[in-house]
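Data block below; observations after.
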Amino acid sequence: MPSIAIIGSGFGGLAAAITLLHNGITDITVFERSTDVGGVWRENAYPGAACDVPSPYYSFSFAPNPYWPRRYAPQSSILDYLRRVADLYGVRDRIEFNTAVTAATFDSESNEWVLETDKGTRRFDVLVPAVGQLSQPTLPTIPGIETFRGPAFHTAHWDPTVDLAGKNVAVVGTGASAIQVVPQIQPTVAALTVFQRSPTHIAPRPDRGFGAVHQWLHRIPLTDRPRRGFWKIATEALTAALHYSPAATRALQAMLFAYMRVQAGADRALFDKLWPDHPIGCKRILFSNNYIPALKAANTTLETDPITEIVADGIVTATGRHHKVDVIVYGTGFAATEFLAPLTITGVDGTDLTEAWRDGARAYLGMTVPGFPNMFIVYGPNTNLGSGSIVAMLECQAHYLTEAVQHLQSGAAFDVYPGVEATYDRELQLRLGRSVWAGCDSWYRAESGRVVSNWPGTIAEYRRRTNAFDVTHYAVRAGMPAPQTSH
């Protein structure tokens with residue numbers, strides 16, 4: 001039986017481990033650098049953190065959760081769900097917590113992956129990096145950022161010991177994290193300044209609480225399937241509309257224009273700052289009912305003047321204005337295009353993955369890379385969604401990985417043919433070149449201009465393409481039998 005190393009215990013790592021175990025593949029080790037499972041839902045514990053996909057769909061199809069407290073589950077509930085799933089399916093016993101993998105090198109003689117961890121060297125037949133696209137928080141490159149004397153932290157590293165009550169607080173960034181943080185802290189701070197570099201479309205969030213009766217109904221067998229099905233159809237329709245229907249896209253943009261205009265009310269200047277000049281879908285659509293009202297509050301200012309410097313007691317903008325603040329919160333996103341960072345991955349003949357991806361990350365089906373045999377990336381290049389549940393995509397990848405392992409003979413390795421990967425990538429980039437993301441400045445694109453994060457189709461299409469592992473797409477490397485080692 002092949003030995004498998006999975007790096008990360010978020011949704012992706014758990015999906016891979018559970019699917020393998022369900023199919024009788026038990027020689028699995030999950031490496032987790034932290035003390036618990038959860039991935040981004042463990043790390044992002046800022047006020048207001050919640051999912052923007054309806055809870056019935058943002059869960060594993062094989063593990064429905066009737067106990068969601070809300071339609072859009074808060075961070076704590078999602079983390080509790082992942083903990084329960086890890087326990088229920090026997091994954092926790094296979095996790096090595098507090099163990100960081102720093103490097104992985106393919107040994108061409110034995111067809112093994114040699115993993116360097118902070119606790120020693122390990123060898124495995126199959127490598128499954130499941131570190132996600134949003135695991136490395138980034139801070140802006142602003143002169144003087146290190147000179148600020150007050151508390152300053154990224155939303156993904158929220159400091160609960162810092163009391164914001166009565167403080168002058170700056171929030172830098174207006175992405176998905178900031179749009180959730182701002183309404184939560186606005187009522188308690190003395191003054192709040194939100195620094196916006198570029199606006200994005202904001203949609204209503206049809207949230208609601210789930211009471212005891214609702215949860216009781218959800219415990220009835222088979223009731224989960226219709227709920228999942230409804231949200232699946234709704235999000236797939238939105239994806240199809242954004243990609244294939246200009247009329248539907250115009251209608252959606254008009255709806256969001258009306259929604260944001262009504263929320264801004266009489267403050268036309270605020271609306272003019274908030275309404276984006278890019279087409280809808282170009283950047284991630286954000287969902288909130290209370291963000292714009294929070295910006296209208298008397299103690300809140302939306303600043304669109306670019307930041308030029310951070311000083312000991314505040315932030316300076318391009319007009320020379322000095323914003324004196326006590327605390328800075330960075331909602332500046334993640335290194336989404338730096339896949340697998342900060343891991344050092346070395347393939348056949350010493351090929352460095354960073355060098356192989358110098359023009360932007362790419363992988364066949366988002367999972368396999370030529371010259372890196374028996375490596376299957378979970379949530380890899382071009383598997384992010386413009387709309388829908390990433391959990392559904394992760395289940396597709398876990399299924400594909402499991403089929404590959406079932407085909408794997410002792411001591412052998414699968415290496416995707418360069419021509420297969422190149423053909424797939426050409427098709428993908430052609431479709432992406434016609435998409436709304438092609439000319440858009442967003443975190444979906446690498447510096448080279450390639451769209452490296454997003455999948456250009458529906459989840460249903462991706463499921464069809466990953467439904468079966470086609471051995472003919474891979475060169476089979478024969479190797480020496482792996483030495484008997486303990487994992």
Side-chain angles (χ1 to χ4, degrees), residues 1-8 13 16 20 25 27-31 96 99-131 338-378 380-381 397 400-425 469-487:
M1 180 182 296
S3 58
I4 302 165
I6 299 173
I7 305 175
L20 289 164
I25 301 165
D27 193 353
I28 298 168
T29 302
V30 182
F31 293 96
E96 295 191 10
T99 305
V101 178
T102 56
T105 302
F106 185 74
D107 183 339
S108 297
E109 291 188 3
S110 64
N111 281 342
E112 289 181 310
W113 280 97
V114 182
L115 271 62
E116 300 292 337
T117 79
D118 55 3
K119 294 182 179 177
T121 301
R122 308 283 288 278
R123 302 176 76 94
F124 294 87
D125 299 312
V126 178
L127 173 64
V128 184
V131 299
E338 297 177 15
F339 294 84
L340 308 189
L343 291 173
T344 300
I345 309 288
T346 307
V348 176
D349 299 326
T351 304
D352 181 79
L353 185 61
T354 303
E355 176 61 22
W357 283 351
R358 62 185 179 277
D359 293 327
R362 50 190 286 176
Y364 177 57
L365 297 173
M367 289 184 275
T368 57
V369 182
F372 296 82
N374 278 4
M375 181 176 77
F376 297 86
I377 306 169
V378 174
Q397 293 163 16
Y400 187 87
L401 158 68
T402 300
E403 281 216 347
V405 173
Q406 289 173 328
H407 281 83
L408 192 62
Q409 299 297 314
S410 178
F414 291 129
D415 191 358
V416 65
Y417 285 114
V420 170
E421 188 277 333
T423 299
Y424 172 82
D425 183 70
F469 178 79
D470 190 341
V471 179
T472 65
H473 292 168
Y474 292 80
V476 181
R477 296 174 54 92
M480 298 169 57
Q484 297 300 310
T485 57
S486 61
H487 302 289

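Heavy atoms only: backbone and side chains are in, while hydrogens, waters and symmetry mates are out. Since this is a predicted model, take the numbers as computed values, not measurements. Numbers for residues simply follow the sequence, beginning at 1.
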Partner residues of Asp470 under the side chain to side chain contact (heavy atoms under 4.5 Å, CB included) criterion, sequence neighbours left out: Thr472, His473

Side-chain donor or acceptor of Thr102 paired with backbone N/O of Glu116 under 3.5 Å: yes

Non-neighbouring partners of Phe31 that pass ring pair (Phe, Tyr, Trp, His ring centres under 6.0 Å), sequence neighbours left out: Phe124

Reference residue Tyr364; test ring pair (Phe, Tyr, Trp, His ring centres under 6.0 Å); the match among Tyr424, Phe376, Phe372: Tyr424

Residues which pass side chain to side chain donor-acceptor pair (under 3.5 Å) with Thr351, listed by chain and number, not counting sequence neighbours: none

Pairing residues for Glu421 by the salt bridge (charged side-chain N to carboxylate O under 4.0 Å, His left out) criterion, not counting sequence neighbours: Arg362

Heavy-atom side-chain proximity of Asn111 to Asn374 below 4.5 angstrom: no

Minimum side-chain heavy-atom gap Leu20-Ile6 below 4.5 Å: yes

Beyond-backbone contact of Glu96 with Thr29, side-chain heavy atoms, under 4.5 angstrom: yes

Set of side chain to side chain contact (heavy atoms under 4.5 Å, CB included) partners for Thr344, sequence neighbours left out: Ala103, Thr346, Asp352

Ring pair (Phe, Tyr, Trp, His ring centres under 6.0 Å) partners for Phe469, two or more places apart: Tyr400, His407, Phe414, Tyr474

Spacing of CD1 belonging to Ile377 relative to CD1 belonging to Ile7, to within rounding of 0.5 Å: 10.5 Å

Verdict with supporting geometry, Trp113 and Ile345, side chain to side chain contact (heavy atoms under 4.5 Å, CB included): CA-CA 10 Å; Trp113 280 97; Ile345 309 288; 4.0 Å; yes

Contact check, side chains of Glu112 and Asp125, non-hydrogen atoms, under 4.5 Å: yes

